[in-house]
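Just follow the structure's listing: the first ligand is 1, and inside any ligand the first atom is 1.
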Amino acid sequence: MGGSLVARIIGTGSYLPKRIMTNKEMEAYVDTTDEWIVTRTGIRQRHLSDETENTGDLGYVAAEAALHNAGISAVEIDYILVATTTPHSLVPNTSCYIQDKLGAVNAACLDLNAACSGFIYGLEVADALLKSDHIHHILVIGSEVLSKITDFTDRATCVLFGDGAGAAVLAKGDGIRGIVSGADGAKGACLNTRDFPVNNIVAEGSKEPQLIRMDGKEVYKFAVNILPEALKAAVSRGNGNLAQLDHIVPHQANIRIIEAASKRLDISMDKFHVNIQNTGNTSSASIAIALDELSRSGKLVNGQKLALVGFGGGLTYGAVYLEWNM
Ligand SMILES: CC(C)(COP(=O)(O)OP(=O)(O)OC[C@H]1O[C@@H](n2cnc3c(N)ncnc32)[C@H](O)[C@@H]1OP(=O)(O)O)[C@@H](O)C(=O)NCCC(=O)NCCS
């Protein structure tokens, strides 16, 4: 069995907040250095939302750009899927907020959370929805304001994350060939927002910081293994060939994870699109932002084969193999 052959990406967009925080500035918050951050992660700077910008605002700008790129209007969108770990609010969901700003009055609206794999999970859900006769266009958005849940006194996490949003418009057609996704919930504690208010009443009265906590080493071990495995599985499910991949757009969590995958898969680093130096880890937005950059760079042309691959909190993972057909 090959892939679904029912969905293709017809437009992409992205948005990074104006405010840039360099590693040098980070030195004022925690005991760290630019040199440590660059050598251990590849990150040189990240973008931070200001107090007027929330998840829906970032996602809206990315979505507008994707609609423009696709050449369709907001009223033609049948579904909006927003992948986020930092929802604008619980109710209404971020998707409804963006629907209103876009004027996408014909769209159903759903948020999903699979942490840094969220955009891949969103593509998988969109691919399935596009099999329905009445659904023709879907906006998949990854949007995050991680800085609003980051502990800026914890050097093990605060240097890693950034804010941003990316979006893609999907339509019926031949593009996506193979998708895999999965999770290992038993490792959920490695990366969590323990006692974050959405944990219902349990969090009440807690003295614990309601911010991201991470066992970086455990997540790293999971990532270096699952990135190549998920990528291989998606390409194989789509009857593709690793050697014929023109581009790989991985989740941008740590340059060392990407380099390890390049070695393990015996695929040159030149084929991996990397922007972590400018963005840090933007969780569910990261692959969407990187894909938009690659598409706008002119290096991605119709007929080329590419793979998108993500992993993250949950722990979750997913990969999509597709032929570019915009
Ligand atoms: C977080 C990560 C960069 C840490 O890198 P590492 O090489 O494993 O570093 P370690 O955790 O072993 O820490 C090494 C030392 O650096 C210190 N350190 C940690 N963060 C630091 C920072 N920002 N600046 C300076 N030193 C730091 C540690 O305290 C430790 O010091 P010690 O040896 O005195 O105990 C790495 O584990 C990683 O990228 N993990 C995956 C995380 C991830 O991708 N999460 C998101 C998933 S989507």
Any idea which atoms of ligand 1 are less than 4.0 Å away from a heavy-atom of [X]?
X	result
Asn281	46 (C), 48 (S)
Tyr220	38 (C), 39 (O), 40 (N), 41 (C)
Gly312	48 (S)
Asp31	24 (N), 25 (C)

Query - Val159 touching ligand 1 at heavy-atom level, < 4.0 angstrom - result: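 Yes, that is the case, since the closest heavy atom of the residue is under 4.0 Å from the ligand.
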
**Report entry** Short side-chain donor-acceptor distance under 3.5 Å, Asn225 and Arg264
**Finding:**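 Yes, Asn225 and Arg264 have a side-chain donor paired with an acceptor closer than 3.5 Å.
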
**Report entry** Heavy-atom proximity to atom 29 (O) of ligand 1, best of Met26, Arg155, Arg256, Glu27
**Finding:**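 Looking at heavy atoms only, Arg155 sits closest to atom 29 (O) of ligand 1.
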
Query raised in the report: Should one rank Cys116, Cys190, Ala115 by closest heavy-atom distance to atom 48 (S) of ligand 1, which comes out on top?
Result: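 That would be Cys116.
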
Query - Residues Ile248, Ile258; criterion side-chain contact (heavy atoms from CB on, under 4.5 Å); working and verdict - result: CA-CA 10 Å; Ile248 297 166; Ile258 300 171; over 6 Å; no

Query raised in the report: Which value, rounded to the nearest 0.5 Å, describes the distance between Ile98 atom CD1 and Thr84 atom OG1?
Result: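 Reported to 0.5 Å precision, the distance equals 8.5 Å.
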
Query raised in the report: About how many Å separate NZ of Lys172 and NE2 of His137, when rounded to the nearest 0.5 Å?
Result: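 Taking NE2 in His137 and NZ in Lys172, the distance rounds to 9.5 Å.
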
Query raised in the report: Under 4.0 angstrom from atom 40 (N) of ligand 1, is there any protein heavy atom?
Result: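 Within 4.0 Å: yes, protein heavy atom nearby.
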
Query raised in the report: Backbone, side chain, both or neither: what part of Thr41 comes under 4.0 angstrom of ligand 1, heavy atoms only?
Result: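 Within the 4.0 Å criterion, Thr41 contacts ligand 1 through side-chain atoms alone.
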
